[in-house]
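All chains are named by letter (A, B, ...) in the order of the sequence lines, taking the proteins before the strands, and each is independently numbered beginning at 1. These numbers come from the heavy atoms of this one structure, side chains and all, not from hydrogens, waters or symmetry mates.
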2 protein chains.
Amino acid sequence: MSKNKEKLKKVLHKEGLRFTSQREAVWNEIISSDEHRNADEIYMAIRLNGVLVSRATVYRTIDVLVKNNMVRKLDVGVGPSKFEHKMNAPHHDHIICIQCGRIEEFMVNQIEDLQDSVAKEYGFKLVRHIHQLFGICKDCQ
Amino acid sequence: MSKNKEKLKKVLHKEGLRFTSQREAVWNEIISSDEHRNADEIYMAIRLNGVLVSRATVYRTIDVLVKNNMVRKLDVGVGPSKFEHKMNAPHHDHIICIQCGRIEEFMVNQIEDLQDSVAKEYGFKLVRHIHQLFGICKDCQ
DNA sequence: ATTTCTTTGAGACTCATTCTCAATAAGGGC
DNA sequence: GCCCTTATTGAGAATGAGTCTCAAAGAAAT
Ligand SMILES: [Zn+2]
Ligand SMILES: [Zn+2]
Ligand SMILES: [Zn+2]
Ligand SMILES: [Zn+2]
């Protein structure tokens, strides 16, 4: 069994959920691409592969994956949320062009550390963070 | 005329928009509090003051204010967006409790500077940023 | 195989936000 | 002020992402 399938099984088991073909299809579709896609795009891609999975199941499955750190949810400020898998992908945040929607990824260790300090200072146990820079990209300026 | 009224007039003029009593009412309501409120809460507060302004106008006016850096839009991850004025308030970001919804404000110069560096590195002209830390607050742990 | 509990799909539903469009009000010129 | 043009407003309809419902189908347990 593939590493990714293992991972899904493990998480579903931990959550007391069953391993089903639909959940596997959603997970497979999400890890098949490194793009930032919304739920409907993922749903459509699965259908194009000839697999029948409902929109509701796509949303439900993505929720589980997000909760378990396998998928990152991205609010791009306009329109539906986008998603990306986190398998083998190092942590990163995003810089987004408000003109053309282009998304670049960045990661600065120093910022990550400073976030931890802030959480500590305020007595919060940090679970996740959103860090998005919005601006005009080179091509759009 | 008050400083705040001036400010609104200036921005509306710059945008080629007219100064109206409704827009003034929305702006006055927003600057009257330092809380983080959603559009409907702001709408209700205006009505309680006896002023009649429609929900649509509240939304429309907030959009202008956000675009012109007078108001900050806050996506708290669940439910409607919240807003806060930026008059005389130094820039800050937010750390939010995912249990009780409590919101604290923080500001780290070093993070702000690092953001500028990232934007520069990617050739983006930075317009705004979202930086939100989500976790469990002291009381909820 | 039978029972029990979970999952699924189709579509209804929610709810924040946006849109429509006729009625009203600003702002500029006279 | 008064007129004219153009922007704004309000009420409610429309939108759209996401959630919920519930009967049917499927998994696990006995
Ligand atoms: Zn761009
Ligand atoms: Zn990414
Ligand atoms: Zn809390
Ligand atoms: Zn704040």
Side-chain angles (χ1 to χ4, degrees), chain A residues 5 8-9 11-30 36-47 49-68 71-83 101, chain B residues 1 5 8-30 36-47 49-68 71-83 101:
Chain A
K5 192 169 177 174
L8 177 63
K9 277 200 159 168
V11 162
L12 289 175
H13 186 259
K14 189 208 110 198
E15 288 281 333
L17 299 171
R18 291 177 182 168
F19 179 87
T20 65
S21 64
Q22 289 89 339
R23 284 173 175 153
E24 187 179 15
V26 173
W27 176 230
N28 282 341
E29 182 53 48
I30 291 178
H36 303 90
R37 294 183 292 176
N38 64 42
D40 217 59
E41 286 166 341
I42 292 164
Y43 166 72
M44 289 306 193
I46 295 171
R47 302 212 101 199
N49 290 345
V51 182
L52 282 187
V53 171
S54 73
R55 226 176 285 263
T57 295
V58 171
Y59 275 105
R60 286 187 285 231
T61 303
I62 289 177
D63 281 350
V64 176
L65 299 176
V66 169
K67 184 179 171 203
N68 285 278
V71 165
R72 179 181 298 118
K73 182 177 182 176
L74 242 190
D75 175 1
V76 292
V78 60
S81 299
K82 300 196 172 194
F83 303 92
Chain B
M1 198 188 310
K5 191 167 178 179
L8 177 63
K9 277 201 158 168
K10 211 180 80 188
V11 162
L12 290 175
H13 186 260
K14 189 207 109 197
E15 288 281 333
L17 299 171
R18 292 175 183 173
F19 179 86
T20 64
S21 64
Q22 290 89 340
R23 285 175 175 151
E24 187 178 16
V26 173
W27 176 230
N28 281 342
E29 182 53 47
I30 292 178
H36 303 91
R37 295 183 291 176
N38 65 42
D40 217 58
E41 287 166 342
I42 293 164
Y43 165 72
M44 289 306 193
I46 295 172
R47 302 212 102 199
N49 290 345
V51 182
L52 281 188
V53 172
S54 73
R55 226 177 288 266
T57 294
V58 171
Y59 275 104
R60 286 187 284 230
T61 303
I62 289 177
D63 281 350
V64 176
L65 298 176
V66 168
K67 185 180 169 204
N68 285 278
V71 166
R72 180 182 297 116
K73 181 177 183 175
L74 244 189
D75 175 0
V76 294
V78 61
S81 300
K82 300 194 172 194
F83 302 93

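- Residue B/Thr57 places at least one side-chain N or O under 4.0 Å from the OP1 or OP2 atom of D/dG10.
- Between its opening and closing five pairs, the helix from C/dA1-D/dT30 to C/dC30-D/dG1 changes axis direction by 30°, a value rounded to 10 degrees.
- Using a 4.0 Å cut-off on heavy atoms, the residues of residues 16-29 of chain B that approach DNA chain D are B/Leu17, B/Arg18, B/Thr20, B/Gln22, B/Arg23, listed by number.
- What separates NZ of B/Lys73 from C1' of C/dT17 is a distance of 9 Å, to the nearest Å.
- The side chain of A/Tyr59 sits closest to D/dA17 out of D/dA17, D/dG10, C/dT17.
- Among the nucleotides C/dT17, D/dA11, C/dA10, the one closest to the side chain of B/Arg55 is C/dT17.
- Mapping B/Ala39 and A/Arg47 onto DNA chain C via the closest heavy atom, the residue that lands nearer the 5' end is A/Arg47.
- B/Tyr43 places its OH atom 16 Å from the P atom of C/dT18, with the value rounded to the nearest Å.
- Summarising the geometry, the separation between CZ on A/Arg37 and C1' on D/dA17 is reported as 18 Å, rounded to the nearest angstrom.
- Counting to the nearest Å, the C1' atom of D/dT9 and the CG atom of B/Asp63 are 15 Å from each other.
- A/Arg23 contributes no side-chain N or O that, together with a main-chain N or O of A/Arg60, makes up a donor-acceptor pair within less than 3.5 Å.
- Between A/Leu52 atom CG and D/dA25 atom C1' the separation is 14 Å, expressed in whole Å.
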